[in-house]
Amino acid sequence: MTNQRSFKTRVRARMAKTGESYTTARRQLINRAAEPTPSPPPTAAQTERIADDLVRARTGRGWAEWFALLDAASATERTHTEIARHLVAEHDVSGWWAQSITVGYEQARGLRAPGQRRGGGFEASASRTVAVPAPRLFEAFADETARARWLPDVEVRVRTATAPRSFRADWAGGPTRIVVGFDAVGESKTRVNVLHEKLTGAEQAAELKAYWRERLAALKVLLESNGDLR
């Protein structure tokens with residue numbers, strides 16, 4: 001929420017200065033964020049984003065306990081995928097939490113910076129559960145007219161779209177791209193996960209993380225209010 005409020009404040013400050021609309025000012029700030037910066041500030045670490053009490057409630061152990069177990073398993077010598085699979089296979093951790101613990105461990109052991117992929121490169125992610133079936137949520141991304149209702153003024157070139165499970169596209173002419181997954185939660189709810197890849201640094205990752213949280217919140221309101229995507 002802090003990142004989102006900060007981003008909105010910057011958008012409104014630019015609007016007051018330039019006279020641009022909210023959409024135009026937001027787009028300009030996002031485009032400017034694509035330019036490399038010499039010393040970008042880090043995004044929040046995983047252990048700060050996800051409280052220890054919540055990790056313990058969902059997985060049975062807190063951060064320190066998971067880190068100790070992974071140290072004992074020589075996890076620093078393993079790849080990200082190997083660590084996550086170890087958590088699933090050996091400790092019965094669900095897929096999402098296995099990924100979250102793995103990222104937190106890699107950050108804590110200096111294997112990646114917050115917002116950075118293992119081995120280099122930055123990315124931003126956001127997710128939201130929406131009370132609509134998966135096909136309708138998928139359409140909101142895959143159909144150009146529907147997408148323009150909640151994601152305006154952005155050039156999106158579709159790479160692959162597999163209904164109703166996944167959507168991949170180049171973003172704003174590249175070089176960044178988005179990877180979107182859809183997971184049905186029962187018959188009437190779907191969780192959408194957006195991963196924005198190939199970012200230039202931590203500042204751009206923070207900006208786009210806030211941006212996607214805002215856009216997914218807008219999409220949720222639109223769909224759950226029975227908004228006509230056409």
Side-chain angles (χ1 to χ4, degrees), residues 3-4 7-8 11 21-36 40 43 80-81 95-96 99 103 115-185 189-224 227-230:
N3 283 342
Q4 184 175 348
F7 182 58
K8 286 183 177 180
V11 172
S21 68
Y22 183 92
T23 298
T24 300
R26 182 187 64 193
R27 183 175 68 249
Q28 292 298 328
L29 285 175
I30 291 174
N31 289 341
R32 190 175 68 181
E35 301 174 1
T43 56
H80 176 91
T81 300
W96 190 89
Q99 292 289 337
V103 170
Q116 185 179 34
R117 298 187 63 180
R118 179 81 173 265
F122 285 79
E123 60 188 22
S125 62
S127 61
R128 179 74 63 165
T129 298
V130 185
V132 295
R136 188 154 188 247
L137 189 53
F138 173 84
E139 180 190 17
F141 281 83
D143 184 271
E144 184 176 359
T145 301
R147 189 170 61 243
R149 290 290 310 281
W150 65 278
L151 199 65
D153 302 320
V154 177
E155 179 188 353
V156 176
R157 188 178 69 183
V158 180
R159 297 169 67 93
T160 61
T162 305
R165 296 184 176 181
S166 64
F167 175 85
R168 295 172 179 264
D170 293 327
W171 179 261
T176 72
R177 65 190 181 196
I178 58 173
V179 179
V180 187
F182 306 88
D183 298 309
V185 183
K189 291 184 179 181
T190 307
R191 186 170 185 82
V192 56
N193 301 284
V194 177
L195 181 65
H196 203 134
E197 300 180 320
K198 296 184 177 294
L199 308 182
T200 57
E203 183 177 9
Q204 188 187 19
E207 294 275 7
L208 284 169
K209 188 175 188 68
Y211 171 78
W212 279 111
R213 284 176 174 173
E214 178 190 358
R215 288 297 83 211
L216 291 183
L219 176 60
K220 178 181 174 71
V221 171
L222 177 64
L223 291 178
E224 292 185 353
D228 183 0
L229 289 174
R230 302 277 179 173

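Remember, predicted model here, so these are calculated numbers, not experimental data.
- P175 meets the side-chain contact (heavy atoms from CB on, under 4.5 Å) test with no other residue; sequence neighbours excluded.
- The CG atom of L137 lies 11.5 Å from the CZ atom of R128; values are rounded to the nearest 0.5 Å.
- Rounding to the nearest 0.5 angstrom, the gap separating the CG atom in L208 from the CH2 atom in W171 is 7.5 Å.
- The side-chain contact (heavy atoms from CB on, under 4.5 Å) check on A148 picks up nothing, with sequence neighbours excluded.
- Scanning for side-chain hydrogen bond (donor to acceptor under 3.5 Å, both in side chains) contacts around S125 gives an empty result, with sequence neighbours left out.
- Taking both residues in full, the closest heavy atoms of A205 and A124 are given as O-CB, 3.4 Å, listed atom of the first, atom of the second, then distance.
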Step by step, would you call T190 with V130 a side-chain contact (heavy atoms from CB on, under 4.5 Å)? CA-CA 5 Å; T190 307; V130 185; 5.7 Å; no

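- Legend: residues meeting side-chain hydrogen bond (donor to acceptor under 3.5 Å, both in side chains) with R157, ordered by chain and number and at least two apart, are D170.
- Residue-environment remark: NZ (K220) exceeds the threshold of 12 foreign heavy atoms within 6.0 Å.
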Kindly indicate, with the supporting measurements, whether the criterion side-chain contact (heavy atoms from CB on, under 4.5 Å) is fulfilled by Y211 and V154. CA-CA 12 Å; Y211 171 78; V154 177; 3.7 Å; yes

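- In this structure, F167 and F141 have tilted ring planes: the angle between them lies in the 30° to 60° band.
- Expressed to the nearest 0.5 Å, how far CD of E224 lies from CG of L219 amounts to 9.0 Å.
- With sequence neighbours left out, T162 forms a side-chain hydrogen bond (donor to acceptor under 3.5 Å, both in side chains) with no residue at all.
- The distance from the CZ atom of R168 to the CG atom of L195 is 9.0 Å, given to the nearest 0.5 Å.
- Here the CD-CG distance, from E144 to L151, works out to 11.5 Å after rounding to the nearest 0.5 Å.
- Between A169 and V156, the closest heavy-atom pair is CB-CG1, 3.4 Å.
- Here the side chain of R215 pairs a donor or acceptor atom with the backbone of W150 at under 3.5 angstrom.
- S127 meets the side-chain hydrogen bond (donor to acceptor under 3.5 Å, both in side chains) test with R191; sequence neighbours excluded.
- With respect to T176, the side-chain hydrogen bond (donor to acceptor under 3.5 Å, both in side chains) criterion is satisfied by exactly one of E197, H196, E123: H196.
- Scanning for side-chain contact (heavy atoms from CB on, under 4.5 Å) contacts around A163 gives F138, with sequence neighbours left out.
- Judged purely by atom type and a 3.5 angstrom limit, Q204 has no side-chain atom pairing as donor or acceptor with the backbone of L199.
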